[in-house]
Colleague: 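One structure follows; several queries about it will come next.
What you see below is based on every heavy atom in this structure, not just the backbone, and it leaves out hydrogens, waters and symmetry mates. This is a predicted model, so every value here is computed, not measured.
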Amino acid sequence: MNWKDDPYDVGYGKPPKSGQFQKGRSGNPNGRPRGTRNLSTDFAEVLSKKVTVVENGKKKKTSAQMATIQRLCEKALMGDQKSIALFLGYAGQLEVEKDAQGAEKALSASDVQILNNFADSLATKTDSPDQSDKEEGNVD
């Protein structure tokens with residue numbers, strides 16, 4: 001059968017039936033295998049693993065993430081310029097994120113008043129539709 005005889009519309013994004021992938025067969029058979037983990041998953045697992053650190057002469061188990069942050073802080077306190085810059089950069093980034101989250105949650109007093117007025121106007125419209133028409137000047 002010739003593809004020209006086929007009633008199927010061929011064009012951009014619509015290859016001829018003979019050029020389409022067969023059902024149940026992948027277009028990329030050598031692609032990423034199932035169950036392959038990405039970098040962020042591996043990173044999160046490594047940071048959550050427990051490690052033993054010595055703090056004030058005592059052994060203590062903590063997460064690799066916490067141990068890394070503590071080590072970075074110690075190096076910054078010892079005067080290592082790169083560690084200071086990195087530590088302060090992370091601290092500043094956390095402050096910005098914290099402020100952004102707080103701004104999303106908090107409403108100003110005027111915003112609360114506007115919402116209350118809107119809720120009141122909705123309540124009056126649903127309670128008595130004839131009364132709200134008279135208030136708006138829509139008297140028949």
Side-chain angles (χ1 to χ4, degrees):
M1 179 176 188
N2 190 352
W3 63 271
K4 292 180 181 179
D5 298 334
D6 193 6
Y8 173 75
D9 189 25
V10 176
Y12 180 76
K14 299 177 185 177
K17 291 284 185 188
S18 61
Q20 294 180 2
F21 294 120
Q22 297 172 355
K23 289 213 180 285
R25 187 165 184 193
S26 173
N28 185 11
N30 295 327
R32 182 182 63 86
R34 290 181 187 256
T36 303
R37 297 155 45 113
N38 61 19
L39 180 63
S40 63
T41 303
D42 289 339
F43 210 84
E45 183 179 320
V46 168
L47 288 175
S48 66
K49 283 188 179 177
K50 295 291 182 183
V51 294
T52 304
V53 294
V54 178
E55 192 174 292
N56 297 329
K58 295 182 180 179
K59 289 185 178 182
K60 179 180 169 183
K61 281 210 171 242
T62 185
S63 68
Q65 179 175 333
M66 187 66 169
T68 304
I69 293 169
Q70 287 175 338
R71 179 76 171 132
L72 180 62
C73 181
E74 289 170 8
K75 288 181 82 174
L77 291 172
M78 288 182 180
D80 182 27
Q81 294 297 317
K82 286 184 180 180
S83 297
I84 292 171
L86 195 58
F87 192 78
L88 291 178
Y90 285 139
Q93 188 177 4
L94 290 174
E95 278 299 314
V96 168
E97 290 175 10
K98 185 177 164 184
D99 290 344
Q101 288 174 351
E104 289 175 1
K105 293 179 183 175
L107 291 176
S108 68
S110 62
D111 290 339
V112 171
Q113 183 63 36
I114 290 169
L115 290 174
N116 288 338
N117 290 343
F118 181 69
D120 291 343
S121 69
L122 287 178
T124 57
K125 284 185 179 182
T126 56
D127 289 344
S128 57
D130 294 335
Q131 184 68 20
S132 64
D133 285 343
K134 290 178 185 175
E135 288 174 6
E136 293 176 5
N138 297 334
V139 179
D140 291 322

Colleague: State which residues pass side chain to side chain donor-acceptor pair (under 3.5 Å) with T52; sequence neighbours excluded, sorted by chain then number.
Modeller: none
Colleague: Where is the tightest heavy-atom contact between A64 and V46, given as atom of each residue plus distance?
Modeller: CB-O, 3.4 Å
Colleague: State whether the number of non-hydrogen atoms from other residues, nucleotides or ligands found under 6.0 Å of E97 atom CD is greater than 12.
Modeller: yes
Colleague: Would you mind writing out the side-chain donor-acceptor pairs for residues 81-91 within the sub-3.5 Å range, not counting sequence neighbours?
Modeller:
unit_1	atom_1	unit_2	atom_2	d
S83	OG	D80	OD2	2.6

Colleague: Got a second to check how far C73's SG is from M78's CE, nearest 0.5 Å?
Modeller: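 If we round to the nearest 0.5 Å, C73:SG and M78:CE are 10.5 Å apart.
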Colleague: Using the side chain to side chain contact (heavy atoms under 4.5 Å, CB included) criterion, which residues pair with F43? Sequence neighbours excluded.
Modeller: L47
Colleague: Sequence neighbours left out, what pairs pass side-chain hydrogen bond (donor to acceptor under 3.5 Å, both in side chains) with at least one residue falling in residues 56-66?
Modeller: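 The answer is none; no pair qualifies.
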Colleague: Sequence neighbours left out, what passes side chain to side chain donor-acceptor pair (under 3.5 Å) with N116? Give chain and number order.
Modeller: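 So N116 forms no side chain to side chain donor-acceptor pair (under 3.5 Å) with any residue.
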Colleague: Considering residues at least two apart in sequence or located in another chain, which fulfil the side chain to side chain donor-acceptor pair (under 3.5 Å) criterion with N38?
Modeller: S40, T41
